[in-house]
Number of protein chains: 2
Amino acid sequence: MEQKLATQYEARANILKAMGHPTRLFIIEEINRAERCVNELTEMVGADVSTVSKHLSVLKNAGLVIDEKRGTSIYYRLCCPCVLDFISCIETVLKTNAEKQMDIVQCCGIPVAPRTRADSNK
Amino acid sequence: MEQKLATQYEARANILKAMGHPTRLFIIEEINRAERCVNELTEMVGADVSTVSKHLSVLKNAGLVIDEKRGTSIYYRLCCPCVLDFISCIETVLKTNAEKQMDIVQCCGIPVAPRTRADSNK
DNA sequence: TGGCTTTTTGGCTATATTGCCAAATATATA
DNA sequence: TATATATTTGGCAATATAGCCAAAAAGCCA
């Protein structure tokens, strides 16, 4: 992998990593529904304000959200709503794997880890 | 956030987190181009075999890839190619932010961190 | 100014991730 | 059976992430 390519992969991965946390995923969906300030999000998420603030800063650093001060609060909104389209594909992945799991159970009963050589010593 | 919702966000975030690493992103693209075994990927990535193997295991655990043994090797391929569609949106995010950065420079010169109260003591 | 409210930052601990090496495992082949 | 090849696992050290509390910032209003 050449350096230039590696940098590109890093930039892309950084955005996915920023999205890869349940609270941040919740925030992304929520601020798409309507602009929200830290306070509101904190109440919805049910964590410390500082925790939510840091999650927002991760999202902002990744360029996923835009913040705008209005009145006494800072409102966050989604930069590129196309990221919401990821979800249907993610659900496909989850569903596909749920089905795979079902198949294993149907064919072979409760799936069990295969015996390894080490097991023979037990 | 109720428990049931939280579980769903965790499941989704887990998939994004699995994708959120440069090497794994590379692997995802590469095995879409053509099935690859660990050996081949190791050479392309330029890391230890065990490192690549663990990355593949993260992807497999997230249900993103399917492995199939054929001959002496194990070939990996993409489970749900729709994940590749994420990239164009990710590029939009990157481009949007590059432009934002340009605007700041054009308007206001080289952007500088604003002075904080703490700076006054220096 | 002094006291609110809203948000961010610093600092800390706990936990998770990454990447390497060495070793184990699995399988094919001489 | 012994050896070689392909892959995974265990263990370790370095680094990163998450979440809380306390405190700092920043701005509003009496």
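Residue numbers start from 1 in every chain, and the chains themselves are labelled A, B, ... in the order their sequence lines are given, proteins ahead of strands.
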One should read off an interatomic distance between B:Arg12 CZ and A:Glu29 CD, to the nearest 0.5 angstrom, of 5.5 Å
Heavy atoms within less than 4.0 Å of DNA chain C: which residues of residues 31-41 of chain B have one? Give them sorted by number.
none
The single option from B:Asn97, B:Ile90, B:Thr96 passing side-chain contact (heavy atoms from CB on, under 4.5 Å) against B:Val93
B:Asn97
Let me have a per-nucleotide readout for nucleotides 10-21 of chain C, 5' to 3', with B, S or -, counting only protein heavy atoms under 4.0 Å.
BB-----SSSBB
Less than 4.0 angstrom from a charged side-chain N to a carboxylate O is my criterion; do A:Arg24 and A:Glu30 meet it?
no
Think A:Arg36 forms a cation-pi with A:Tyr76, using NZ or CZ under 6.0 Å from the six-ring centre and within 45 degrees of its axis?
no
Reference residue A:Asp67; test side-chain contact (heavy atoms from CB on, under 4.5 Å); the match among A:Leu59, A:Val38, A:Ile31, A:Ile74
A:Ile74
Is there side-chain contact between A:Phe86 and B:Ile15, with at least one heavy-atom pair below 4.5 Å?
no
Just checking, any donor-acceptor pair under 3.5 angstrom between side chains of A:Lys17 and A:Asn14?
no
Under a 4.5 Å cut-off applied to non-hydrogen side-chain atoms, are A:Lys100 and B:Ile66 in contact?
yes
Mind calculating the distance between CG (A:Asp67) and C1' (C:dT6) to the nearest angstrom?
13 Å
Those residues of residues 68-76 of chain B lying under 4.0 Å from DNA chain D by at least one heavy atom:
B:Thr72, B:Ser73, B:Ile74, B:Tyr76
Between the NZ atom in A:Lys69 and the SG atom in A:Cys37, the distance rounded to the nearest 0.5 Å is 12.5 Å
B:Cys89 vs A:Val83, side-chain contact (heavy atoms from CB on, under 4.5 Å): CA-CA, chis, key distance, verdict:
CA-CA 6 Å; B:Cys89 174; A:Val83 298; 3.6 Å; yes
